[in-house]
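Take a look at the structure set out below.
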Amino acid sequence: MLDLQYLCDNLEAVRENCENRGVKINLDDLVALRDQRRELIMKGDQLRSEQKETSGKIPKASAEDKPALIARGKELRAEVAEIEQQQKEVDLKLREVQNQIPNMTHPDSPVGRSEEDSVTVREVGEKPSFDFKPKDHVDIAESLDLIDLEAGSKVAGHGFYFLKNEAVLLELALVQFAIEKLRAEGFTVMTTPDLARDDILEGIGFNPRGEESQIYSVENTDLNLVGTAEITLGGMKKDEVIDLENLPIKVAGISHCFRTEAGAHGRATRGIYRVHQFTKVEIFGFTAPDLELSNEFHQMILRIEEEFFQALNIPYRVLDIATGDMGGPAYRKYDLEAWMPGRGENGEYGEVTSCSNCTDYQSRRLNIRCKQPGTKGTQFVHTLNGTAVAVTRALIALLENNQQADGSVKIPEVLQKWVGIDLIKPGS
RNA sequence: GGAGAGAUGGCUGAGAGGCCGAAAGCGCCGGAUUGCUAAUCCGGUAAGGGUCGAAAGACUCUUCACGGGUUCGAAUCCCGUUCUCUCCGCCA
């Protein structure tokens with residue numbers, strides 16, 4: 001959510017930004033509602049002021065003056081209630097409009113409506129060349145007995161899976177490797193709740209209930225299965241005031257991610273590329289409200305994400321995501337796409353991680369502020385998030401890039417200490 | 001799941017219908033003083049909305065977990081909710 005005052009003071013810039021982001025919105029409504037709100041506040045203030053004054057006189061008033069004052073007090077109470085009701089309604093409408101307006105955008109983000117408009121920043125690593133037809137992860141997993149998709153469908157439906165044997169060890173190894181790396185980078189690591197309340201989801205920018213929601217919600221409660229630990233890691237500081245000297249806060253969390261994938265039917269449904277549940281290690285940061293600092297933090301997250309895939313020896317490219325494709329809260333967003341030799345005809349890149357600088361868009365709604373000792377007031381912190389590793393996608397890249405002609409798969413060296421072997425062989 | 005206790009400013013913690021946006025302490029800021037990794041003294045110090053103002057600021061309203069209610073008037077009384085703590089039960 002953006003600041004109301006800011007929105008009204010920068011209508012043209014906001015209008016252009018909405019245009020670039022592909023968000024249709026009537027900003028005139030916003031201004032009209034803001035004006036209504038202002039009038040109601042002024043009227044209400046005036047009435048409450050008189051109300052205070054009236055009731056304040058009563059203890060000292062003479063017996064003959066009292067009844068009139070009390071009667072006036074009753075009148076005022078009714079008038080105040082009326083105004084407050086109107087203001088509540090206006091505030092609600094205002095909030096609705098405000099929530100649809102996306103964050104402002106980094107000046108360097110490529111302008112465009114779709115994925116194709118994103119810009120490749122760099123390609124890193126050498127794509128493996130095979131002297132055989134590389135298999136996709138489903139076929140590899142089949143011959144090595146690593147994933148049971150049918151069992152997943154049986155117990156929970158399409159989009160669920162069982163990892164088996166070395167795939168289990170690989171999941172744990174990927175998580176451990178990520179955690180080890182993040183601790184070395186100074187992050188406080190944690191495991192997080194897999195459920196969160198509606199208001200936390202909304203604060204982060206998710207729409208927990210509704211037709212096209214990506215979120216599984218639990219009936220008869222205000223709880224939802226989280227789509228990412230970004231929700232819980234960001235939500236953990238809700239309503240807090242943080243001393244400036246304690247920023248930045250660097251946290252990372254292991255969680256499961258649950259996504260309904262509503263509207264994604266028919267898109268890359270094979271295997272474990274698009275699933276309803278996966279394990280992820282998420283990076284999250286709270287910084288001072290200073291673009292220089294949060295942009296720097298953003299670059300650090302990107303660096304960590306890249307180093308992770310470099311260490312696994314998986315080729316990838318970095319995309320600077322176009323305005324129309326980055327979602328409401330982000331000010332700037334990068335994706336890492338790993339090379340997946342089994343995708344498409346001759347291999348394709350597939351998204352494995354992303355990272356966003358959300359500036360104060362999330363913190364405003366979550367009410368996460370910071371305070372500098374000795375200064376008046378508070379400011380909303382900047383929040384950032386990124387994926388250290390999303391296990392299923394990383395697993396796809398790992399299996400497909402490291403497959404051998406004999407059907408075996410090499411384990412990247414950095415993971416071997418956890419997996420315990422250097423090669424997954426058929427029938428082993 | 002059952003019983004009880006609680007939720008007050010950045011933190012600790014008083015307050016028990018009007019004199020309370022709220023004592024005191026800590027912390028923080030400014031100053032004085034002595035000098036020596038500090039002590040003492042004095043003063044200041046909540047957040048948010050709105051109006052006016054170029055700004056500094058002035059004025060005003062809201063906020064004592066949240067939502068209702070009683071009342072001319074609620075941190076204070078009543079009801080509901082959430083959360084925390086203690087005890088009991090159950091349980092990995």
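Below, read A as the first sequence line, B as the second, and so on, with proteins coming before strands; counting in each chain starts at 1.
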When rounded to the nearest Å, what value does the distance between [atom1] atoms of [N] and [M] take?
N      : M      : atom1 : result
B/rU76 : B/rA16 : P     : 12 Å
B/rC41 : B/rU33 : C1'   : 8 Å
B/rA7  : B/rG15 : C1'   : 15 Å
B/rA38 : B/rC29 : P     : 13 Å
B/rA14 : B/rU86 : C1'   : 23 Å
B/rG9  : B/rC26 : C1'   : 13 Å
B/rC87 : B/rU70 : C1'   : 35 Å
B/rG48 : B/rG89 : C1'   : 45 Å

ask   = With a 4.0 Å cut-off, would you call A/R270 and A/D139 a salt bridge?
value =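 Answer for the salt bridge query: yes.
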Could you tell me the separation between the [atom1] atom of [X] and the [atom2] atom of [N], rounded to a whole number of Å?
X      : N      : atom1 : atom2 : value
A/I368 : B/rG10 : CD1   : P     : 16 Å
A/D198 : B/rU82 : CG    : C1'   : 14 Å
A/L47  : B/rU62 : CG    : P     : 11 Å
A/K88  : B/rC66 : NZ    : C1'   : 12 Å
A/D239 : B/rU84 : CG    : C1'   : 16 Å
A/R77  : B/rA74 : CZ    : P     : 9 Å
A/D9   : B/rA54 : CG    : C1'   : 15 Å
A/R48  : B/rA74 : CZ    : P     : 12 Å

key: Option among A/N295, A/D320, A/N357 that satisfies the side-chain hydrogen bond (donor to acceptor under 3.5 Å, both in side chains) test with A/R332   =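 The side-chain hydrogen bond (donor to acceptor under 3.5 Å, both in side chains) with A/R332 is passed solely by A/D320 among A/N295, A/D320, A/N357.
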request  = Please assess A/E307 against A/R303 for the test salt bridge (Lys or Arg N to Asp or Glu O under 4.0 Å), listing each intermediate value before the final yes or no.
outcome  = CA-CA 6 Å; A/E307 285 175 3; A/R303 191 204 83 224; 3.1 Å; yes
query = Looking only at side-chain N and O atoms, does A/T54 come under 4.0 Å of OP1 or OP2 in B/rC72?
reply =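 No, A/T54 has no side-chain N/O under 4.0 Å of OP1/OP2 on B/rC72.
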key: Under 4.0 angstrom between A/K52 side-chain N/O and B/rU62 OP1 or OP2   =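 Indeed, a polar side-chain atom of A/K52 lies that close.
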Counting only heavy atoms not in [X], do more than 12 fall under 6.0 Å of its [atom1]?
X      : atom1 : result
A/E142 : CD    : no
A/K43  : NZ    : no
A/R113 : CZ    : yes
A/R15  : CZ    : yes
A/E413 : CD    : no
A/E296 : CD    : no

ask   = To the side chain of A/V241, which of B/rC61, B/rG10, B/rC72 is closest?
value =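 Closest of the options to the side chain of A/V241: B/rG10.
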query = Can you check side-chain contact (heavy atoms from CB on, under 4.5 Å) on A/E282 and A/C257, steps first, answer last?
reply = CA-CA 10 Å; A/E282 179 81 357; A/C257 303; over 6 Å; no
remark   = Heavy-atom contacts, protein to nucleotides 45-51 of chain B, under 4.0 Å, summarised as B (base), S (sugar-phosphate only) or - (none) per nt, yield --SSBSS
Which residue lies more 5' along RNA chain B, comparing A/Q51 with A/P59 via nearest heavy atoms =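 Its nearest nucleotide lies further toward 5', so the answer is A/P59.
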task = Using the closest heavy atom to pick a nucleotide of RNA chain B for each, name whichever of A/G44 or A/K57 lands nearer the 5' end.
result =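 Here A/K57 is the residue nearer the 5' end.
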message = Output the pairing pattern of RNA chain B as a dot-bracket string, 5' first, Watson-Crick or G-U wobble with both distances under 3.5 Å, | for cross-strand pairs, [ ] for crossing pairs.
response = ((((((((.[[[..)..(.....]]]((((((.......))))))(((((((....))))))).[[[[[..)....]]]]])))))))....
How would you label the contact of [X] with the nucleic acid (heavy atoms, under 4.0 Å): base, sugar-phosphate, or nothing?
X      : value
A/L69  : nothing
A/K66  : nothing
A/K238 : nothing

query = Under 6.0 Å from the six-membered ring centre of A/Y273 and within 45° of its axis: does the NZ or CZ of A/R393 meet both?
reply =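 Yes, A/R393 and A/Y273 form such a contact.
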